[in-house]
Amino acid sequence: MKVNVLAFGIAKDIFGGSSVEVELPEQGTTQNLKQSLEERYPRLKHLVSYMVAVNNEYASDESLLTERDEVAIIPPVSGG
Amino acid sequence: MKVNVLAFGIAKDIFGGSSVEVELPEQGTTQNLKQSLEERYPRLKHLVSYMVAVNNEYASDESLLTERDEVAIIPPVSGG
Amino acid sequence: MNNQIKISDQPLNIQSCIDWVMTPQSGGINIFIGTVRNATKGKIVMRLEFEAYEAMALKEMHKIAEKAFSKWPVQKLLIHHRIGVLKVGEVPVIIGVSCAHRDAAFEACRYIIDTLKETVPIWKKEIFEDGEVWVAAHP
Amino acid sequence: MNNQIKISDQPLNIQSCIDWVMTPQSGGINIFIGTVRNATKGKIVMRLEFEAYEAMALKEMHKIAEKAFSKWPVQKLLIHHRIGVLKVGEVPVIIGVSCAHRDAAFEACRYIIDTLKETVPIWKKEIFEDGEVWVAAHP
């Protein structure tokens, strides 16, 4: 399946755009998504940390993804 | 000696005015002043507490008073 | 020590207090605003009357400011207290603190209002429909 | 839950935030104002750029508000965050909390800004004379 991944902050610089498409196996998880992105964009691994949000909520590594989900990469936040 | 004592807040109500004159022995202390006032105005003893200020500073019971000092009775403060 | 300490019988201007306390060096500003509540222990408050022993109150407020500057890296510090008759919703006190970082701003602001309420010779009388009372005077 | 939560690309209005948060029931109001500092670790800051994942950021801000209402007797609570390009001295964030008593106002306000900085998906980029950096991204 194809998952569209939104990018913010430094992730946008790393991906070279505000979203990327990632091909994942059916029943793919957040963890699979991270692995796939880190292979394609090794600079992701240099961040202090980053999270994945699914449908506007922080998601655990085990969360299952579907093509209909709104998925986003959340680098370390720095608002306020 | 005669000491002029300023009154604020509830002390003004108790003294019936914004200052009273108190006759004290030479070398009289803050403690002597309190005793004298409490005899004249027993309601003073019903306060939670009260302090004496001499020349705009909180004074201890042992502070010596002179006629030239600015003396004030400070009932429990409640600003802010 | 960059501070502005004032006792006034005129309404306090919140915006100009904040404008004064902000600096290009500060990242965190904490402001405490005291307001006249419409009730105390279930009784409706009509108005408040504040009275100060002004010379001494200013002296005590300056001591508090000095202590705050010595305890925290404060950039600017403001304490304005109003006296006279205040209606419900009006503002008797504004405290403002600017610091490079927020920790110090919160702590210093808290310290200032707590200490002001303990040491500064200002008194407030609550006026109810059926009487009045000097706050904190009696057990 | 009486709250006002907003993300805006327009300058925040401090006075109207404070007016909104004050109520006749509250005696203590605590306000936190974040401002753009002119320097970070000795380097001169030219400007800041804030970006939000807006839908999620609003959701997280509402969660923080809900938590604050459950932890403290808060009367009104306001969180305004600005995004876009901000110059030194401008205000990216205003938090306001009104309570009957000051303890709760200070604690809730502190909790809100601390938690906002940990969980709300907003990012800031510092622009220096000789480069730029996404704050907190790298070790």
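Computed over heavy atoms, backbone and side chain alike; hydrogens, waters and symmetry mates excluded. Throughout, protein chains are lettered first and strands after them, A, B, ... in sequence-line order, and every chain is numbered starting at 1.
The number of heavy atoms from other shown groups lying within 6.0 Å of NZ (D:K43) is above 12. The 12-atom threshold is not exceeded at CD1 of D:I44, counting heavy atoms of other residues, nucleotides or ligands nearer than 6.0 Å. Counting heavy-atom neighbours within 6.0 Å of C:K67 NZ, excluding the residue itself, gives a total of 12 or less. Enclosure of atom NZ in D:K87 is not indicated, since only 12 or fewer non-hydrogen atoms of other residues, nucleotides or ligands lie within 6.0 angstrom.
The candidate from D:G89, D:G34, D:P24 with the greatest count of non-hydrogen atom pairs under 4.5 Å with chain C is D:P24. Contact count versus chain D (heavy atoms, under 4.5 Å) is highest, among C:I18, C:D114, C:V91, for C:D114. Chain C forms more heavy-atom pairs under 4.5 Å with one residue of D:V45, D:N38, D:I14, D:I95 than with any other, namely D:N38. Comparing C:R110, C:Q15, C:M22, C:Q25 by heavy-atom pairs within less than 4.5 Å of chain D, the highest count is held by C:R110. Among D:D103, D:V36, D:I113, the residue with the largest count of heavy-atom pairs under 4.5 Å with chain C is D:D103.
Within the 4.5 angstrom heavy-atom criterion, only side-chain atoms of D:V88, from C-beta onward, approach chain C. For a residue to count as touching a neighbouring chain, one of its non-hydrogen atoms must lie under 4.5 Å from one of that chain's; by this rule C:A105 does not touch chain D. Neither the backbone nor the side chain of C:V93 comes within less than 4.5 Å of any heavy atom of chain D. For C:K117, the part lying near chain D is the side chain, with the backbone staying farther off; criterion is any non-hydrogen pair under 4.5 Å.
Annotation for C:I31 and D:N30: closest pair O-ND2, 3.3 Å, computed over non-hydrogen atoms. When all heavy atoms of C:T35 and D:T23 are compared, the closest pair comes out as OG1-O, 4.5 Å.
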